[in-house]
Amino acid sequence: MTPLVVPGDWPLGWRALVAAVAAALAGASGSYFGVVLTRAESAAAAVEALHLALDPLNPPRLHHPQGPAGGERSVFELLLPQSCPTPFWGRRAERDRWWAWCQEDGVSGLLVVDGPGGCGKTRLALRTAQEAAAEGWVTGWLREGRAADLVDAATTAAVAAPGLRVLVLVDNADTRTDLASLLEALARYQGPALLRVVLITRHGAELGQALQAHLPERHALLVKSAPVMSLPPLGETSDLIRWYGEAVRAFASAWGTPPPPVSDTNAPVRAGQTMAELLAQAMVTVLPGASPTGSPAPLEEVAGVLFEHEARWWRGTAALDRWALAPVTDLLLARVMTGLALFAPADEPAAVAVLRRVPELADAPAERITNLVRWAHSLYPPTAGPGLRIGPNLLADWFITAGLTRTEGDRHFARHLLNDPTDEQAARILTLLARAGEHHPPARLLFEQLLGGDPVRLAHHAVYAALTTATNRGELDHTTAAALATADLDPDTTTRLLRLTPAYALPRCALALARQHVRHTRATGTPPALGDALTDLVVALNRVGEHREELQVAREAVELFRGLADGDPAHRPGLNRALGNWSVALDGVGEYREEARVAREALALCRELADDDPVHRPVLGRSLIRFGVALARVGEHREQVEVVREAVGLCRELADGDPAHRPDLARALTDLAIALDAVGEHREQVRVARESVDLCRGVADENPAHRPALAQALIHLAAALERVNAPHEQLGAAREAVGLCRELVADNPAHRFDLAEALVRLAGALDGVGEHREQVRVARESVGLCRKLAADNSTPRPTLARSLGNLSVALHRAGEHHEMLQVAREAVDLCRELVAGNPTHRPALARSLGNVSVALHRVGDPLEQLQVAWEAVDLCRELADDNPTHRPALAHALLDLSAALERAGEHREQIQVRREAVDLYRELAARDPDLFQQPYVDNRAALRRLLPQDDITFDL
């Protein structure tokens, strides 16, 4: 090196010194670059380890098949998010929120993206991940069973590559069998790398419920704290029309054909349509022989056209010599695709084992089956998860369902295919069928068939699958419960399933298991254990509205615990629970006097327990609430207010010390609002009802089991707002209550009672804002529902009476006076029967008589109108004498009587009755001018017009 550094004529000493320094520097430089290269190699190796746990966002088509002779092509390649040629429309706000979550410190590393099938969840995830990859993030789809490897690789890579950022996508999270291991790995991850994981599913909250029931507490907390990004269907109708036209042109261009003409103002789309449905319809329009239409075809019809085209492509590619498949039928190829799509085998040997389930291939040579597997995977390379993915899920679900249920031959094939799957296979298949049943009802029959084959082994998988769906949950609850009821479950399995089954979400399953638990306990348990099992069964029966059996079991539990408590006071808490459940059961069958007696006994016992040990104070709060309900049933409203106020005070004190008691406080507040209504304290009623709704909303957000309590709170808020004449706010509360109740009924028909109440309130609110057409429709729905409920159980008859009253008012507003009279007479007859059994229904009878009076006035029967109006006034006088709360009703009845006297020509008596009404309104206005000042002024003016000019006896 020296000749390159110094001139050759320099002295030897200088030349040696420079050479030594140069050599030293060269060695240091070599060492430095060696370290840099080593670090770079380590970082690259660490990132490569991450990629081993991930599938690429857009995997290459390694085995793209040669085109068939007929020139057919796959239609689904253009519909998949990875290869769809259309623009990415909308979702700017969601992408911004996603990026904010990705980069924010101190947030959960888990995000759940949910939305209806086909709304664009996977495409949004793919687009956002592609943007992240461009920013230097390591991205990809999590491979099945590689969660632990992913977390370990992220921990190692962060040391070698500081500042590493990793974004992992998990598509179809509800059908994954490795979610538990993923959450376990995430729960222990503490590495420095920024690790973000996104679960993509149709129902995020439901998936969280399902996972929480099957996970250790620390993992369940990770799911519970994860934010949920919900994607509703995108775009207004005008947007859908425009996007449809753009999609048709994009598909035609990718297809290499001239685009068919499409309209700028009309398209086969509908409001609320998902993007997958729109794109599928556009693809059908582009296919040869199709023509544009102005109305959207049903999903099944669109899917049938697309798969018919796809089947021609399968046939053409299967005929190629390279696959050596020998002659194959379209039916066999479809069954091959069905099996691989349904089972999602992880590798080639597993796929071969799946195809052995196809009857035509049961004895086929291994080489032929292997060739079929390779042929299928060449057409549909794995993307975004394990197994074969044939197009969008909405369409693939239809294909699988139709291929297994359409004909008797298909059902025979289904029996072979679904026979004796492994636990992992059954878990995936049941969840996929639960999802498919949301749009394709025959999938529920397959769910039932698979579960029925081995209910003991597969029950917990069925419970998980049912929990992951929303619109289909009620049907799956019935199906799974029927299997559980006939299965020979052992005690340990029953106990394990009870722990895994949220009763509020799957009430029929919980009931079937509670019955099994009682059966086991009768055979082998102790008397206290049987008492506890009976108590649990009473609760389960109440939840599904089986009130007769509930009463029978509740009585048995009380008798059992009385005997135990007589021998050992330690069993008094069990007796207290049994008494409380008995009072609830009595309420369910309308035995209100007995209910009040039992509830009073339970409260007395509970006070003793709480005096002895403060640990029983929460139970005392609930006992006070129950007693308040019983008092309301027998018309003891003053005592009801005192008792419920005590309950609110106690529950508030408990909730201040422990938020776990907030549900009890919310229930107590709702009951206090009801009690205040009965005594006419309407301003306080509104304040309390609002507090109840706010508290219930927060509690329900944390735990969906409390959504029925929120529905009840909204119903009674609507009632309170009606009392203070706030119709627009009343309408909002009533609409929300009806919407929530409809969701609850979809899961559990026992909530139809709540829906009936909510519809009654909504009809009243619509009357207040003048929406009379909708008022009639809602009132008719309310009456129809109440008739069905009352036919099965006498308890809903008071609600039927109210709904009939609402319908008569609605018909009056619509001018249908003859039908109004008919409905109002029916309400009166029903109310008379109710009053004969319980005088607390007299206010409803008075209102019904008033409606009949109005109807008689409209149809021109003044004599009967006068008779009915006098009866209504007499009844209202009795009520007002007993309880001043009924004085406004008396004033209204006096006005109706005044009108009837006018039509009968009794003008002197008319003036006297009108004077009484005005005097009454003056007193009411003095107490509450906001509500009664205007009626007082209006009726005073009307009375002046009736009085002779020389009459000076009326006090202004």
Requested in this report: Please confirm whether the backbone N or O of Asn172 pairs with a side-chain atom of Thr175, one donor and one acceptor, at under 3.5 Å?
Outcome: yes
**Report entry** Any donor-acceptor pair under 3.5 Å from Thr479 side chain to Glu475 backbone
**Finding:** yes
Query raised in the report: Can you find a heavy atom in the side chain of Leu54 that is under 4.5 Å from one in the side chain of Thr139?
Result: no
**Report entry** Aromatic contact, Trp141 with His51 (centres under 6.0 Å)
**Finding:** no
**Report entry** Thr128 side chain to Ala125 backbone, donor-acceptor under 3.5 Å
**Finding:** no
Requested in this report: Not counting sequence neighbours, which residues clear side-chain hydrogen bond (donor to acceptor under 3.5 Å, both in side chains) with Arg356? List them please.
Outcome: none
Query - Spacing of Leu234 atom CG and Thr274 atom OG1 [to the nearest 0.5 Å] - result: 11.0 Å
Requested in this report: For the pair Asp420 and Arg457, find out whether any cationic side-chain nitrogen is under 4.0 Å from an anionic carboxylate oxygen.
Outcome: yes
Query raised in the report: Okay, side chain of His440, backbone of Leu394: is any donor-acceptor separation there less than 3.5 Å?
Result: yes
Query raised in the report: So, does His377 use its side chain to make a donor-acceptor pair with the main chain of Val373 at under 3.5 Å?
Result: yes
**Report entry** Test item: Glu77 side-chain N/O and Ser83 main-chain N/O as donor-acceptor pair under 3.5 Å
**Finding:** no
Query raised in the report: Arg123 side chain to Gln82 main-chain N or O, any donor-acceptor pair under 3.5 Å?
Result: no
Query raised in the report: Quick one: does Val170's side chain get under 4.5 Å of Val198's, heavy atoms only?
Result: no
Query raised in the report: With no hydrogens and no angle check, is any side-chain donor or acceptor of Arg143 less than 3.5 Å from a backbone partner on Leu52?
Result: yes
Query - All pairs passing side chain to side chain donor-acceptor pair (under 3.5 Å) where residues 394-406 contributes a residue, at least two apart - result: Arg202-Asp397, Asp397-Arg435
**Report entry** Lys/Arg N to Asp/Glu carboxylate O, Arg411 vs Glu408, below 4.0 Å
**Finding:** yes
Requested in this report: Determine, for Arg508 against Asp477, whether the closest basic-nitrogen to carboxylate-oxygen distance falls under 4.0 angstrom.
Outcome: no
Query raised in the report: Between Phe399 and Trp314, does the ring centroid distance fall short of 6.0 Å?
Result: yes
Requested in this report: Look at the side chain of Lys121 and the backbone N and O of Ser230, then say whether any donor-acceptor pair between them is shorter than 3.5 Å.
Outcome: no
Query raised in the report: Any ion pair linking Glu367 and Arg374 (charged N to carboxylate O, less than 4.0 Å)?
Result: no
